Undergrad: 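Quick one: the structure is below, questions incoming.
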Amino acid sequence: MLVRDTDLTVVNVDKLTYAGNLESLAELDGDPRYHFEHGDICDAGRMADVFARYQPDAVVHLAAESHVDRSIDAPSEFIRTNVLGTFTLLQASRRHWRSMPDARRSAFRFVHVSTDEVFGSLGPTGSFSETTAYAPNSPYSATKAGSDHLVRAWHHTYGLPTIVTNCSNNYGPYQFPEKLIPLMIQHALAGKRMPVYGAGENVRDWLYVDDHAAALRRVLEQGRAGETYSVGGRSERRNVDVVRALCRLMDELAPSASIPRRESLIEFVADRPGHDQRYAIDASKIERELGWKPQETFESGLRKTVQWYLANQPWCERVQSGAYRGERLGKGIAI
Ligand SMILES: NC(=O)c1ccc[n+]([C@@H]2O[C@H](COP(=O)([O-])OP(=O)(O)OC[C@H]3O[C@@H](n4cnc5c(N)ncnc54)[C@H](O)[C@@H]3O)[C@@H](O)[C@H]2O)c1
């Protein structure tokens with residue numbers, strides 16, 4: 001989005017874990033305003049080298065381990081990347097920021113991209129906002145909460161111009177098929193059973209990925225240093241309703257003679273340990289202060305997403321590494 005819609009130069013630093021894939025950005029190959037650097041944010045020497053060579057005006061920090069089920073099975077990589085990696089990036093940014101000439105120094109931004117999961121779980125009513133107390137419940141959300149605190153401290157202690165965003169569940173093209181929506185599309189297409197945790201009553205506030213990207217751009221360009229912004233789609237849905245909506249779309253867009261109603265594939269499985277019941281975001285601050293609001297409804301975004309996955313099956317097949325075979329992580333039960 002930045003390369004397409006602005007004249008900025010973008011340096012993409014990525015370790016290319018199982019979740020990273022250069023094919024997703026193949027359309028930028030050869031663009032003089034796009035550079036890819038294969039690197040680990042925990043590697044201080046490598047980060048210093050990248051900062052020295054590119055002299056960035058801003059850092060947008062998205063790199064993370066992000067899948068809750070994986071964090072339950074193997075938390076150490078989450079501690080390493082999310083906590084130590086954020087620390088390493090903050091230190092590299094601070095050194096670089098201190099060395100900048102005054103005019104560029106005051107405009108520098110470190111935008112830390114975080115999640116609503118740091119706030120824990122809601123009951124049937126209410127919503128998270130910038131003033132909600134932190135109460136993370138999973139190893140993933142605990143490490144993201146830790147990284148948010150580091151970012152806050154680097155602003156208050158060292159004056160680094162940081163901003164934190166806490167966004168709700170994303171969905172859309174190019175999402176690794178381990179997250180709910182792309183996983184269910186793949187299962188529906190293959191005629192495999194569609195496992196839903198518990199009774200499918202958990203509620204998430206869904207946001208189309210381009211709307212999240214537009215929010216991050218708004219924060220980068222207009223956000224106030226030291227602030228946090230909650231980002232959400234005002235699209236609360238129960239998991240079972242998300243999967244049912246997806247089944248209906250699949251029946252319409254990819255009809256199957258052998259399975260005329262994909263809903264018959266839905267199967268309720270034992271719940272994820274410590275599964276948060278409900279997330280919802282009050283996005284009034286970013287709407288009011290930065291004039292951002294989502295462009296997609298859940299219905300329009302889901303339709304676009306299903307269409308994209310149907311048209312990009314070769315991408316899905318290639319990104320599904322050997323390490324990920326559709327197993328249910330978190331309790332070690334295959335689905
Ligand atoms: N997906 C969501 O619903 C959602 C919602 C809110 C916030 N977020 C946050 O947005 C960010 C991106 O999420 P995502 O869903 O794209 O995650 P993802 O897991 O799909 O991708 C993470 C990316 O980070 C890279 N990476 C991992 N460890 C790294 C390391 N040590 N050094 C360099 N690169 C590394 C991976 O290769 C991959 O490209 C994360 O910080 C996540 O917490 C995501």
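Worth saying up front: this structure is predicted, and the values here are computed from it rather than measured. Position 1 is the first residue of the sequence, and the numbers go up from there. Numbering of ligands and ligand atoms starts at 1, following listing order.
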Undergrad: Evaluate the ring planes of Phe87 and Trp154, with Trp represented by its six-membered ring, and classify them as parallel (under 30°), tilted (30 to 60°) or perpendicular (over 60°).
TA: perpendicular
Undergrad: Do side-chain atoms of Arg46 reach the backbone of His38 as a donor and acceptor pair under 3.5 angstrom?
TA: yes
Undergrad: Could you list the atoms of ligand 1 found under 4.0 angstrom from a heavy atom of Thr81?
TA: 28 (N), 29 (C), 30 (C), 31 (N)
Undergrad: Near Asp40, which atoms of ligand 1 are under 4.0 Å from a heavy atom of that residue?
TA: 30 (C), 31 (N), 32 (N)
Undergrad: For atom 22 (C) of ligand 1, what is the closest protein heavy atom, and at what distance to 0.1 Å?
TA: Ala64 O, 3.4 Å
Undergrad: Please could you name the atoms of ligand 1 that Asn169 approaches to less than 4.0 Å, counting only its heavy atoms?
TA: 3 (O)
Undergrad: Determine, step by step, whether His67 and Phe176 satisfy the ring pair (Phe, Tyr, Trp, His ring centres under 6.0 Å) criterion, reporting the C-alpha distance in whole Å, the side-chain angles of both residues, the deciding distance to 0.1 Å, and the verdict.
TA: CA-CA 10 Å; His67 190 44; Phe176 191 80; 8.7 Å; no
Undergrad: Which one holds for Asn166 and ligand 1: side chain close, backbone close, both close, or neither close, with close meaning a heavy atom under 4.0 Å?
TA: neither
Undergrad: Nearest non-hydrogen contact with atom 25 (C) of ligand 1 belongs to which option: Val118, Leu180, Asp14, Val113?
TA: Asp14
Undergrad: Check whether any N or O atom of Thr115, backbone or side chain, sits under 3.5 Å from an N or O atom of ligand 1, and answer yes or no.
TA: no
Undergrad: For Ser168, take its heavy atoms, then give the atoms of ligand 1 lying under 4.0 Å from any of them.
TA: 5 (C), 6 (C)
Undergrad: Could you tell me how the ring of Trp206 sits relative to the ring of Phe298: parallel (under 30°), tilted (30 to 60°) or perpendicular (over 60°)?
TA: tilted
Undergrad: Ring-plane angle category for Tyr54 and His35, please: parallel below 30°, perpendicular beyond 60°, tilted otherwise.
TA: tilted
Undergrad: Distance only, no hydrogens: is a donor on one side chain within 3.5 Å (strictly under) of an acceptor on the other, for Asn239 and Asn202?
TA: no
Undergrad: Identify, for atom 34 (N) of ligand 1, the protein heavy atom at the shortest distance, and state residue, atom and that distance.
TA: Lys15 N, 3.1 Å
Undergrad: Please work out whether the ring planes of Tyr174 and Trp315 are parallel, tilted or perpendicular, with thresholds of 30° and 60°.
TA: perpendicular
Undergrad: With a cut-off of 6.0 Å (strictly less than), are more than 12 heavy atoms of other residues, nucleotides or ligands near CD of Glu27?
TA: no
Undergrad: Check ligand 1 against Lys144 and write out every atom of the ligand that is under 4.0 Å from a heavy-atom position of the residue.
TA: 40 (C), 41 (O), 42 (C), 43 (O)
Undergrad: If you measure every N or O of His61 against every N or O of ligand 1, does any of those distances drop under 3.5 Å?
TA: no
Undergrad: Under 4.0 Å from any heavy atom of Leu16, which atoms of ligand 1 are there?
TA: 37 (O)
Undergrad: Given Ala19, Ser114, Gly20, identify the one with the heavy atom nearest to atom 8 (N) of ligand 1.
TA: Ser114
Undergrad: What protein heavy atom lies closest to atom 42 (C) of ligand 1? Include the residue and the distance to one decimal.
TA: Tyr140 OH, 3.6 Å
Undergrad: Under 4.0 Å and counting heavy atoms only, is there anything from the protein next to atom 32 (N) of ligand 1?
TA: yes
Undergrad: Side chain, backbone, both or neither: which applies to Tyr18 and ligand 1 if a contact is any heavy-atom pair less than 4.0 Å apart?
TA: neither
Undergrad: Where is the nearest protein heavy atom to atom 40 (C) of ligand 1: which residue, which atom, and how far?
TA: Leu62 O, 3.1 Å
Undergrad: Considering only heavy atoms of Ser66, which atoms of ligand 1 have at least one such atom less than 4.0 Å away?
TA: 15 (O), 17 (O), 18 (P), 19 (O)
Undergrad: Kindly indicate whether the side chain of Leu90, heavy atoms from C-beta on, has any atom under 4.5 Å from the side chain of Thr86.
TA: yes
Undergrad: Considering Cys167, Ser141, Ala63, which one's heavy-atom position lies nearest to atom 6 (C) of ligand 1?
TA: Cys167
Undergrad: For ligand 1, which atoms have a heavy atom of Lys179 less than 4.0 angstrom away?
TA: 15 (O)
Undergrad: Is any heavy atom of the protein nearer than 4.0 Å to atom 27 (C) of ligand 1?
TA: yes
Undergrad: Tell me yes or no: between the side chains of Arg70 and Tyr18, is some donor less than 3.5 Å from an acceptor?
TA: yes
Undergrad: Any sub-3.5 Å donor-acceptor pair from Asp5's side-chain atoms to Val3's backbone N or O?
TA: no
Undergrad: Indicate the ring-plane relationship of Tyr171 and Tyr208, choosing parallel, tilted or perpendicular according to the 30° and 60° boundaries.
TA: perpendicular
